[in-house]
Amino acid sequence: MTPLRDPAVNAVIDKLVAAQQYPADDPRSGLERDPHEYSEYGFSISREQGDLIYLLCRGLRATRTVEFATSVGMSTLYAAAAVRDNGGGTVIGAELVPAKIAAARRNLADAGLAGYAEIREGDARVTLRDLGGEVDFALIDGWLGTEPSLAREVIEFVAPQIRIGGYVLNDNAEPDFLAYVRDPANGFVSVALPLHGGTELCVKVAER
């Protein structure tokens, strides 16, 4: 049973899960792949990861969260529902593909959560540099196949903007991302979780 009890939000999540499909190739594994060529595919977190996001954000009393990348808004729904249930706040998302931004905004509106999310269009390495203050929670789940990974590039400038005691959830377990969060000098402790083929949960315990 999901901890997220809102029927309107769950209806949209059910719709996204039912519609989810993946291309025959693995577009995220190649250096030269263009994300715009896969605009009809919502590469999203699993329900179990979503439930974890909701619980973590509720437990943190989170009012400000950030995610890379938004895609069609699956993760945004869970974080925005938690922020709303905590009394209000904002989920800041980053997405490169305009069609996915439009889909995410529709999904948020259908769930009654449009007022709790700000989706920034463009390269997250630009759009997430300034989050306007400390955040409680970050999801790092972007395009694979680059060196250094986008996850590593994004965490390096997002990490200083996360409050002490805040969490980071990473979906893809990129080796250079793991090297960063597992280095005590960077202020995190983390653990690998058996979810979705590789999920890293990190908590910020000190400033770098």
Side-chain angles (χ1 to χ4, degrees), residues 1-17 42 44-96 98 100-122 124 126-142 154-155 157-171 187-188 195 199 201-205 207:
M1 176 180 291
T2 178
L4 204 174
R5 303 296 176 84
D6 186 322
V9 180
N10 283 324
V12 178
I13 291 170
D14 288 344
K15 180 192 72 173
L16 292 177
V17 170
S44 299
I45 61 165
S46 68
R47 286 182 187 269
E48 292 79 11
Q49 289 172 310
D51 286 343
L52 180 59
I53 288 170
Y54 180 80
L55 285 173
L56 290 172
C57 289
R58 289 303 308 276
L60 285 167
R61 304 297 299 167
T63 59
R64 303 185 73 252
T65 80
V66 63
E67 61 178 21
F68 163 67
T70 294
S71 188
V72 295
M74 175 79 91
S75 55
T76 327
L77 291 166
Y78 285 99
V83 164
R84 178 201 60 189
D85 294 346
N86 286 339
T90 304
V91 179
I92 301 170
E95 177 54 51
L96 189 63
K100 290 187 176 181
I101 294 171
R105 287 176 174 156
R106 285 194 304 272
N107 291 326
L108 286 160
D110 289 346
L113 295 171
Y116 299 94
E118 172 196 340
I119 303 174
R120 300 180 180 180
E121 181 174 353
V126 176
T127 62
L128 299 184
R129 289 242 168 221
D130 183 0
L131 300 175
E134 285 190 330
V135 296
D136 305 295
F137 173 86
L139 172 67
I140 307 294
D141 178 25
V154 170
I155 191 59
F157 60 79
V158 166
Q161 303 180 78
I162 299 171
R163 70 169 173 88
I164 299 295
Y167 283 95
V168 178
L169 191 70
N170 167 254
D171 183 32
F188 289 91
L195 296 175
T199 298
L201 178 62
C202 324
V203 61
K204 185 173 177 179
V205 296
E207 298 293 349

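For the numbers below, each heavy atom of this structure counts, side chains included, while hydrogens, waters and symmetry mates do not. It should be emphasised that the depicted structure is a prediction, and the values quoted were computed from it without experimental measurement. Position 1 is the first residue of the sequence, and the numbers go up from there.
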Practice problem: Inspect the contact between Asp136 and Arg61 and indicate whether a charged nitrogen and a carboxylate oxygen are less than 4.0 angstrom apart. | Solution: no

Quiz item: So, does Lys100 use its side chain to make a donor-acceptor pair with the main chain of Glu95 at under 3.5 Å?
Solution: no

Self-check item: Side chains of Gln49 and Thr199, donor plus acceptor under 3.5 Å
Solution: yes

Quiz item: Do the side-chain N and O atoms of Asp85 and Tyr54 include a donor-acceptor pair separated by under 3.5 angstrom?
Solution: yes

Quiz prompt | Side-chain heavy-atom pair Leu131, Arg120 within 4.5 angstrom cut-off | solution = yes

Practice problem: Please name the residue in the list Val154, Thr127, Ile155, Asp141 that meets the side chain to side chain contact (heavy atoms under 4.5 Å, CB included) test with Phe68. | Solution: Val154

Quiz item: Hey, does Arg163 have a side-chain heavy atom less than 4.5 Å from the side chain of Val135?
Solution: no

Exercise. Output all residues satisfying side-chain contact (heavy atoms from CB on, under 4.5 Å) with Thr90, sequence neighbours left out; order by chain, then residue number.
Key: Ile92, Glu118

Quiz prompt | All side-chain contact (heavy atoms from CB on, under 4.5 Å) counterparts of Asp51, not counting sequence neighbours | solution = Thr2, Pro3, Tyr78

Quiz item: If you round to the nearest 0.5 Å, how far is OH of Tyr116 from CG of Asn86?
Solution: 11.0 Å

Practice problem: Could you please spell out the steps behind the salt bridge (charged side-chain N to carboxylate O under 4.0 Å, His left out) verdict for Arg47 and Asp14? | Solution: CA-CA 9 Å; Arg47 286 182 187 269; Asp14 288 344; 2.7 Å; yes

Quiz prompt | side-chain contact (heavy atoms from CB on, under 4.5 Å) involving Ala138 - partner list, sequence neighbours excluded | solution = Val66, Val158, Ile162, Val168

Self-check item: Spatial distance of atom CG (Asn107) from atom OG (Ser71) [nearest 0.5 Å]
Solution: 9.5 Å

Quiz item: Is there a donor-acceptor pair under 3.5 Å between the side chain of Arg64 and the backbone N or O of Val91?
Solution: no

Self-check item: CD1-CG distance between Ile101 and Leu96, expressed to the nearest 0.5 angstrom
Solution: 7.5 Å

Quiz item: For the residue pair Ala104 and Ile119, what are the closest heavy atoms and their distance?
Solution: CB-CD1, 3.7 Å

Practice problem: Tell me yes or no: between the side chains of Thr76 and Glu67, is some donor less than 3.5 Å from an acceptor? | Solution: yes

Self-check item: Student check: side-chain heavy atoms of Thr65 and Cys57 closer than 4.5 Å
Solution: yes

Quiz item: Are the side chain of Asn10 and the backbone of Leu4 linked by a donor-acceptor contact shorter than 3.5 Å?
Solution: yes

